[in-house]
Amino acid sequence: YSSFVLGSRVVFAESRAELRPDPRFDAINVVSLAVEDDGDNTVEVCVLIRGNNDKSQGRRNLDGVIGCSVDVFPEERDLLNHLIDALCSIDPDILVGWEIQLGSLGFLAERAAYLGIGLLKRISRTLPHESKHPPKNLAHESSQVPEASPADDVIMDVSENDWSHTHASGVHVGGRIVLNLWRLMRGEVKLNNYSLEAVADEVLRRKVPLVPNKTLNRWFATGPGRGRHRCIEYVSSRAMLNLEIINQLDLVNRTSELARVFGIDFFSVLSRGSQFRVESMLLRLAHTQNYLAISPGNQQVASQPAMECMPLVMEPESAFYSDPVLVLDFQSLYPSMIIAYNLCYSTCLGKVFPSKSSVLGVSSYSADPHTIADLKNQLILTPNGVLYVQPEVRKGVVPRLLEEILSTRIMVKQAMKKLAPSQKVLQKILNARQLALKLIANVTYGYTAAGFSGRMPCAELADSIVQCGRRTLETAISFVNQHPLWNARVVYGDTDSMFVLLKGRSREEAFRIGKEIASLVTASNPDPVTLKFEKVYHPCFLLTKKRYVGYSYENPEQNEPIFDAKGIETVRRDTCPAVAKMLERSLRIMFEEQDLVKVKSYVERQWTRILSGKVSIQDFIFAKEVRLGTYSARASSLPPAAIVATKAMLSDPRAEPRYAERVPYVVIHGEPGARLVDMVINPYGLLEVGSPYRLNELYYITKQIIPALQRVFGLLGVNLNKWFNEMPRPTRSTLAKRQSALGHGSRDSSSIRLGWNKKPSAKVARIDTYYMSSHCTICGDTVQGSEIFCSHCLKNEAVVATVVAGRTSKLEREIQHLAAVCGHCGGADWI
DNA sequence: TTTTGTGCCTAG
DNA sequence: TCAGCTAGGCACAAAA
């Protein structure tokens with residue numbers, strides 16, 4: 001651990017026109033390594049450039065600029081060989097890349113293999129394997145050096161392997177951990193897309209530019225000097241970003257802590273599933289008690305009895321509640337059930353009335369009747385008709401494991417409280433540890449119920465856990481409903497939670513009653529079952545099962561409520577931001593003002609903006625995960641996001657989305673009666689100059705925004721469609737005048753595609769119309785006279801340089817890229 | 001027009 | 001080879 005080093009690399013390669021780099025055609029121009037030494041937390045950057053022989057010139061222009069070492073190689077092979085040497089001497093434990101398969105290390109390996117260099121093998125820490133199938137020619141050509149036969153490097157190391165391809169990266173280096181950072185980020189932060197820019201914004205709170213490969217090429221081609229320097233600086237900054245993100249999230253320490261708690265190795269924490277973690281802990285404990293686990297085959301697992309029990313999910317009384325609603329839930333309900341009722345593989349005596357005799361889970365067992373008779377006062381009967389022995393007879397392994405996990409977690413939490421505020425590192429470690437314990441406690445039930453891939457599931461045991469939980473919740477609900485003093489009613493509950501309506505009570509009273517309920521229900525249940533009083537909603541909407549939203553208060557002193565939504569569009573990623581924003585805003589207005597007139601004027605204002613095109617396209621971009629190759633052949637067509645991805649692949653095979661990558665799309669006007677899948681395009685398609693496409697405002701309003709709002713405000717008797725139909729329609733007069741003044745009036749009208757919008761009256765809103773705007777093309781600030789850019793952006797050298805360099809006809813396209821480089825307006829935004 | 005199946009994402 | 005669970009809502013398109 002002491003010599004721990006992170007290596008991070010970004011590759012920039014040549015590419016042809018708009019295409020992404022392809023190792024079969026495009027040479028590597030720049031490789032940048034950011035190396036962090038865990039001992040002193042220093043970061044060093046090494047840059048390798050392909051260029052002319054004049055090394056001194058390269059150095060002179062680059063030295064000291066970003067504090068990195070730069071080496072220039074005329075030949076690509078030399079560059080790669082030097083890279084391999086550098087990696088071997090740095091000898092990092094972990095190699096990180098943003099996208100390991102098509103970019104970064106994967107690209108390097110593929111390109112190296114193309115040039116006859118076995119890169120992955122040569123940076124491996126393990127000795128070359130005694131190959132099972134040695135190349136036949138090797139015996140005859142003994143002079144051949146190992147790296148001269150790199151073909152298997154590609155086939156074995158960068159091959160298309162379903163599992164490692166979709167879940168890790170498929171790129172392996174012996175003795176080193178290879179991290180595919182974007183995929184790890186999916187589990188760390190919830191985002192609409194997992195580009196480096198989006199993650200840097202979320203994690204580091206920093207806007208970073210996205211410069212297309214094509215632009216990098218142009219910069220690089222200017223040779224030693226400013227342009228090439230900018231290219232190198234950009235590539236290096238991307239490499240360092242990887243390290244910064246990892247450090248900000250404390251990824252390495254947290255993963256190490258998980259590895260320590262579960263007793264598994266570092267990479268398995270990231271690459272293996274929950275079963276592996278549960279087993280690691282369970283088997284270790286089981287062995288100390290002289291138990292061995294059974295190993296049923298796939299057939300056995302598949303043929304175990306079906307599970308019959310379901311958690312309780314109440315149908316909520318859908319309504320707007322202006323009275324306080326309490327939210328209480330059982331803490332770690334399933335682990336509590338396992339402990340309280342001694343539920344375990346090792347304590348189960350089977351069903352009282354078995355449908356098939358002597359079957360228990362994946363195996364067979366029938367309890368001896370005499371034994372059962374002897375134990376008759378020491379048995380536990382679960383609500384699904386399964387017998388278990390009491391802990392006095394035999395303490396189960398799973399209950400013991402969970403008891404230890406839960407009590408350790410309490411100890412860790414207490415230890416955290418005793419820490420001085422200065423002990424931040426220890427604080428983080430202990431916090432990671434208690435989270436790991438919580439995590440493992442909650443998936444232990446899943447282990448017993450793992451049907452598809454389970455290594456040791458047990459249907460009866462899983463059913464007992466669920467049904468005990470269900471009975472506990474049902475008992476609590478009727479207890480609350482029947483209590484004579486509270487006048488309370490449970491209006492919703494899901495698995496382990498209760499929503500209690502207190503009609504006509506104040507929030508203060510609600511907090512008092514909430515505490516009472518929690519302590520009485522806890523007292524009426526066996527240890528360690530605990531009902532926790534979580535919060536008071538005041539007011540709230542209950543919509544359907546698993547969908548509700550309210551203003552929440554966690555203690556009586558709290559004055560500012562928290563907007564708390566579950567399951568609705570504001571927290572979902574399968575709608576566009578416009579829907580989420582409008583829904584949240586109107587809910588807040590409703591909660592704060594309790595006045596539908598104000599809600600109505602808000603949504604009408606927004607609809608007007610949308611219809612007049614005064615909106616940011618960003619708010620209308622959908623982004624959904626795409627898993628090409630998994631779609632049903634029976635279905636009529638692919639989902640919209642998959643359509644967009646497939647289209648992109650037609651012109652550039654390297655644009656294929658990674659498995660489960662989120663692919664963005666917008667909905668545009670189409671032929672009347674067109675299906676949705678015929679009206680989706682990549683968002684960039686809308687921004688191109690002369691684009692015939694137009695955002696389908698009516699689709700967004702009538703198919704996305706209105707239904708979402710209707711589900712909420714319909715509960716108050718509102719008809720959103722009526723609101724929309726009776727709303728005065730905005731005219732696009734300002735825009736139309738401007739266009740006709742430019743002589744652009746109807747040039748493209750024949751190519752306008754029309755869909756929902758039956759009247760072909762709308763004009764094309766194109767980027768060049770904004771040239772007549774009184775706003776800066778880049779940042780939107782007001783400008784003087786006929787200026788295109790505001791004074792701030794004009795002061796930005798990078799912007800001006802690129803504008804002046806480009807010919808006027810190119811200007812329009814460049815503007816998309818300019819927004820990314822502008823230091824004033826923060827960069828990555830759309831225009 | 002209603003029902004059914006697929007896909008996606010979330011709650012717990 | 002490798003893979004915790006179920007319930008549930010909703011959009012969409014095709015079949016009934």
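- Nearest-nucleotide positions on DNA chain C place A/G446 closer to the 5' end than the other of A/V313 and A/G446.
- When rounded to the nearest whole Å, the span between CD1 of A/I568 and C1' of B/dC8 equals 18 Å.
- Each of C/dC5, B/dG7, B/dC9 was ranked by its minimum atom distance to the side chain of A/Y631; first place goes to B/dG7.
- When the P atom of C/dC5 is taken as reference, atom CE of A/M456 falls 15 Å away, rounded to whole Å.
- Judged by a 6.0 Å distance limit and a 45° cone about the ring axis, A/R471 is positioned over the six-membered ring of A/Y341.
- Dashed line: the shortest gap from a side-chain N or O of A/Y699 to OP1 or OP2 of C/dC12 is under 4.0 Å.
- Contact annotation for A/V466: no contact, since no heavy-atom pair falls under 4.0 Å across all strands.
- Remark: A/R260 engages A/E257 in a salt bridge, criterion side-chain N to carboxylate O under 4.0 Å.
- Distances shorter than 4.0 Å separate some side-chain N or O of A/K190 from OP1 or OP2 on B/dT10.
- A close approach under 4.0 Å does occur between a side-chain nitrogen or oxygen of A/R455 and OP1 or OP2 of C/dA3.
- If you check every strand for non-hydrogen atoms under 4.0 Å, A/V278 touches nothing.
- Contact check, A/R573 against B/dT10: a side-chain N or O comes under 4.0 Å of OP1 or OP2.
- Of the candidates B/dG12, C/dG4, B/dT10, C/dG4 carries the atom nearest the A/A450 side chain, counting heavy atoms from C-beta on.
- A side-chain hydrogen bond (donor to acceptor under 3.5 Å, both in side chains) with A/Y447 holds for exactly one of A/R455, A/E279, A/Q275; it is A/E279.
- Side-chain proximity of A/R547 to the nucleotides C/dG9, B/dG12, C/dG4 is greatest for C/dG9.
- Contact between the side-chain N/O atoms of A/R662 and the OP1/OP2 oxygens of B/dC9 is found at a separation under 4.0 Å.
- When the P atom of C/dA7 is taken as reference, atom CG of A/D496 falls 16 Å away, rounded to whole Å.
- Under 4.0 angstrom from either OP1 or OP2 of C/dG4 there lies no side-chain N or O belonging to A/R272.
- For A/T544 and A/N442, each mapped to the nucleotide of DNA chain C holding its nearest heavy atom, the one lying further toward the 5' end belongs to A/N442.
- For the pair A/M679 CE and C/dA11 P, the interatomic distance rounds to 15 Å; values are reported in whole Å.
- Following rounding to the nearest Å, A/E661 (CD) and B/dC8 (P) show an atom-to-atom distance of 14 Å.
- When the C1' atom is used for both C/dG4 and B/dG12, the distance is 14 Å, rounded to whole Å.
- Applying the side chain to side chain contact (heavy atoms under 4.5 Å, CB included) test between A/L343 and each of A/I465, A/V386, A/L402 identifies A/I465 as the sole match.
- Considering only side-chain atoms of A/K545, the nucleotide from C/dG8, B/dG12, C/dC12 that sits closest is C/dG8.
- Taking atom CD of A/E308 as the reference point, atom C1' of C/dC5 lies 16 Å away to the nearest angstrom.
- For the pair A/Y548 and B/dG12, the criterion of a side-chain N or O lying under 4.0 Å from OP1 or OP2 is met.
- At a cut-off of 3.5 Å, with distance as the only test, no side-chain donor of A/D494 or A/S497 sits close to an acceptor on the other residue.
- Between C/dA11 and A/R711, a contact under 4.0 Å exists linking OP1 or OP2 to a side-chain N or O.
- Here the side chain of A/K703 is nearest to one of C/dC12, C/dA3, C/dC5, namely C/dC12.
- To the nearest 0.5 Å, the span separating CG on A/L333 from OH on A/Y445 amounts to 11.5 Å.
- Going from atom CZ of A/R627 over to atom C1' of C/dA3 covers 13 Å, rounded to whole Å.
- Look at A/R572 and you won't find any side-chain N or O under 4.0 angstrom from OP1 or OP2 of B/dC8.
- Here A/M307 lies out of heavy-atom contact (under 4.0 Å) with every strand.
- Within the structure, every side-chain polar atom (N or O) of A/Y492 is placed at least 4.0 Å from both OP1 and OP2 of B/dG12.
- Nearest nucleotide to the A/K546 side chain, out of C/dA7, C/dC10, B/dC8: C/dA7.
- As judged by a 4.0 angstrom heavy-atom cut-off over every strand, A/P707 is placed among residues touching the sugar-phosphate backbone only.
- For the residue pair A/Y699/A/Q704, the side-chain donor-acceptor check at 3.5 Å is satisfied.
- If you measure from atom CG of A/D574 to atom P of C/dC12, you get 11 Å, rounded to the nearest angstrom.
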